[in-house]
Protein chains: 2
Amino acid sequence: MANVRLQDVAELAGVSMKTVSNVVHQYPHVSPSMRARVEAAISELGYRPNASARRLATGRTGMLSLAFSDVSLPYFAELARIIAHLASARGYRLLLEQTDGTIESERAIISTREAGLVDGVIFQPSRMPSMEISKRRADVPLVLLGEGPAPLSVDHVMIDNEAAAIQATSHLVAAGRTRIGFVGHEEFDQSVTSLQRLRGFQLALDAAGLTVDMSLVVPSAAISAKDAADAMRRALADGRVFDGLVCRDDLAAIGALRALQEHGLRVPEDVAVVGWDDISMAAFTHPSLTTVAPDTTQIATMALDMLEERIGGYTGLGRHRIADYSFVVRESAPSD
Amino acid sequence: MANVRLQDVAELAGVSMKTVSNVVHQYPHVSPSMRARVEAAISELGYRPNASARRLATGRTGMLSLAFSDVSLPYFAELARIIAHLASARGYRLLLEQTDGTIESERAIISTREAGLVDGVIFQPSRMPSMEISKRRADVPLVLLGEGPAPLSVDHVMIDNEAAAIQATSHLVAAGRTRIGFVGHEEFDQSVTSLQRLRGFQLALDAAGLTVDMSLVVPSAAISAKDAADAMRRALADGRVFDGLVCRDDLAAIGALRALQEHGLRVPEDVAVVGWDDISMAAFTHPSLTTVAPDTTQIATMALDMLEERIGGYTGLGRHRIADYSFVVRESAPSD
DNA sequence: TTGAAAGCGCTAACAA
DNA sequence: TTGTTAGCGCTTTCAA
């Protein structure tokens, strides 16, 4: 019962394995009577093709792996949802790999110890230097997500973080804010993501003739609402005064919102807050978040397109695609 | 370069495939010189074992699939994170399957069309009747999550939803609330989860001598903050008056918070709100959420334990395990 | 249109 | 301790 083979079906139907295979694969040139006979045998035996055997024979696994630090971060969860859907529409299943942002786990992603596990990998590194990524063996097709300075040899999808950070910061400047802080980047080992956003932040302030006050730049122990809230609580207790806040991501913004409210500050009246990612919760915080909204569907589509081209045999220099983003204005930092 | 086989390594090293295999598997009884020679050959050739071939030979895939409606729901994302970690510690990788809560997708999960894809399945159904689940072919080990009345033939992990709902409701009653509503269950095709929570809600009100006012039971178009907020907005616009709210989950609570605030009501002064799931955001809403906190680590551990027993050959009646939960009191519904 | 047979790369039982 | 070899179940030329 458990192990019905293609061969068993063939024997019961009195045909060859090839014929059964043709039926299973909907191969058009099979006479209706053959097909009927084979299908009867299939359902009588309860036959199901064995995925491992098929994979060994074809060399294709029909699986992609999706690797990033942590699925429980809303941005990644929402991205995973989209990628899983789009991948499934293209006939792939998704393997979930969490790195927890450790360099060891990220290395393990890059240097797959097993061949033939997945057909391709979509990977958003957080710690790994691009030099190291570029030195990997080009065994399995890889597309990088996120904002690292991607090595020339690898395909890559990102949004223009610097431009978006400039827009977010300028939005606060335009609203007349002058004591604008930045919250939520890692305290040590900053991810490239954070660095690019910080850079845009600084460029925008410079352009507005405001100098960056380093005491208003508040790093966080880790990427989470809790750590951002803790960092902001300390900064506020320390007497620092903000009237605007660019947050590294929406989680940091949510933590900051909490710390500001505990400190008796009103958002946006006293402090305007801008987040990043437009996670679904951003519309439901109190106040709702003005935020940078990467076009995640486009990111996922670009990544899958390039991955499929690689899987299809394309070899060539790494392509760098820039995905769109929009700037969503809500209550935490209105336009005026 | 791409296709180095075990055999190639064996030839280069001048040994048999078995010896190479022994080395690859860390088999202890290999002479050091052999080991060294083989390892040299492995790295010279850049050999990596082929996962598909290994799986075909052993019949084990080392993969589990995790199926539920939607990873972007925080509860599922957080659960997925934990399960992925624990599974990985046990040597399994995780395949992500989203059903979107459609019955067709749930059927596809239950009746795996391919054999040998995964060693086991962890599945939280939302629509599927338990009768149908029990009729499935017992091909691949399955553990059910969540609160359905699980068929006797299948392993199952859940928390006692009814008891938790009673506790949540009683908490509001004890604080003197009398116009207690329920928000966020599906409007049609209620999941068993919702029904059990509603039942506990009703039992607690009955026990307190309060009758359930059906106009305070506010269903939502779907499980999301947005739909719950919309439903609550309509209820409030309709003139319904609440002083307490048991929410089907934290997302519903977040939506409700939003609607209440827009309506000028204060939480908890005017309306006390209790959520469910204790998603990480629950500590950062404004006000923070009092909520039922299922012990997700325990849920994941129980599920994996039972799954591994099944994979290991255990056959027997389905076991039903009840996991712990706690009731976390925060600002949205304080103790007094 | 259908059949026969040679792999795909690895494991594991059995020998040596 | 190491070698031989027969599968695992499917795909895929090449024939018929």
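Residue numbers start from 1 in every chain, and the chains themselves are labelled A, B, ... in the order their sequence lines are given, proteins ahead of strands. Nothing here was measured: the structure is a model prediction, and the numbers come from that model. Heavy atoms only: backbone and side chains are in, while hydrogens, waters and symmetry mates are out.
The NE2-P distance, from A:His25 to D:dT12, rounds to 7 Å in whole Å. The nearest whole Å value for the distance from the CZ atom in A:Arg60 to the P atom in D:dT12 is 11 Å. For the pair A:Leu6 CG and D:dT12 C1', the computed distance is 12 Å after rounding to whole Å.
A donor-acceptor pair shorter than 3.5 Å cannot be found between the side chains of A:Ser69 and A:Gln98.
Each of B:Ser33 and B:Leu56 was matched to the nucleotide of DNA chain D holding its nearest heavy atom; the match closer to the 5' end belongs to B:Ser33.
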Report, one pair per line, the protein and nucleotides 3-6 of chain D atoms (nitrogen or oxygen only) whose separation is under 3.5 Å.
{"unit_1": "D:dG3", "atom_1": "OP2", "unit_2": "B:Ser16", "atom_2": "N", "d": "2.9"}
{"unit_1": "D:dG3", "atom_1": "OP2", "unit_2": "B:Ser16", "atom_2": "OG", "d": "3.1"}
{"unit_1": "D:dG3", "atom_1": "OP2", "unit_2": "B:Thr19", "atom_2": "OG1", "d": "2.3"}

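The closest donor-acceptor contact from the side chain of B:Arg127 to the backbone of B:Asp189 lies under 3.5 Å. Looking only at distances, a side-chain donor or acceptor of A:Thr61 sits under 3.5 Å from a matching main-chain atom of A:Asp119.
Between A:His156 and A:His320, the ring planes lie perpendicular to each other; the angle is over 60°, past the 30° to 60° tilted range.
Relative to the six-membered ring of A:Tyr92, A:Arg60 misses at least one condition, a distance below 6.0 Å or an angle of at most 45° to the axis.
When distances are taken from the side chain of A:Ser21 to each of D:dG7, D:dT12, D:dC10, the shortest belongs to D:dT12.
If you walk DNA chain C from 5' to 3' and mark each nucleotide with an atom closer than 4.0 Å to a heavy atom of chain A, the marks span C:dT1 to C:dG9.
A salt bridge links B:Arg90 to B:Asp305: at least one charged side-chain nitrogen sits closer than 4.0 Å to a carboxylate oxygen. A salt bridge links A:Asp100 and B:Arg81; the closest N-O separation between the charged side-chain nitrogens and carboxylate oxygens is under 4.0 Å.
Between A:Tyr27 and D:dT11, a side-chain N or O to OP1/OP2 separation shorter than 4.0 Å is absent. For the pair A:Arg5 and D:dG9, the criterion of a side-chain N or O lying under 4.0 Å from OP1 or OP2 is met.
Residues meeting the side chain to side chain donor-acceptor pair (under 3.5 Å) test with A:Ser191, sequence neighbours left out: A:Glu186, A:Ser194, A:Arg248.
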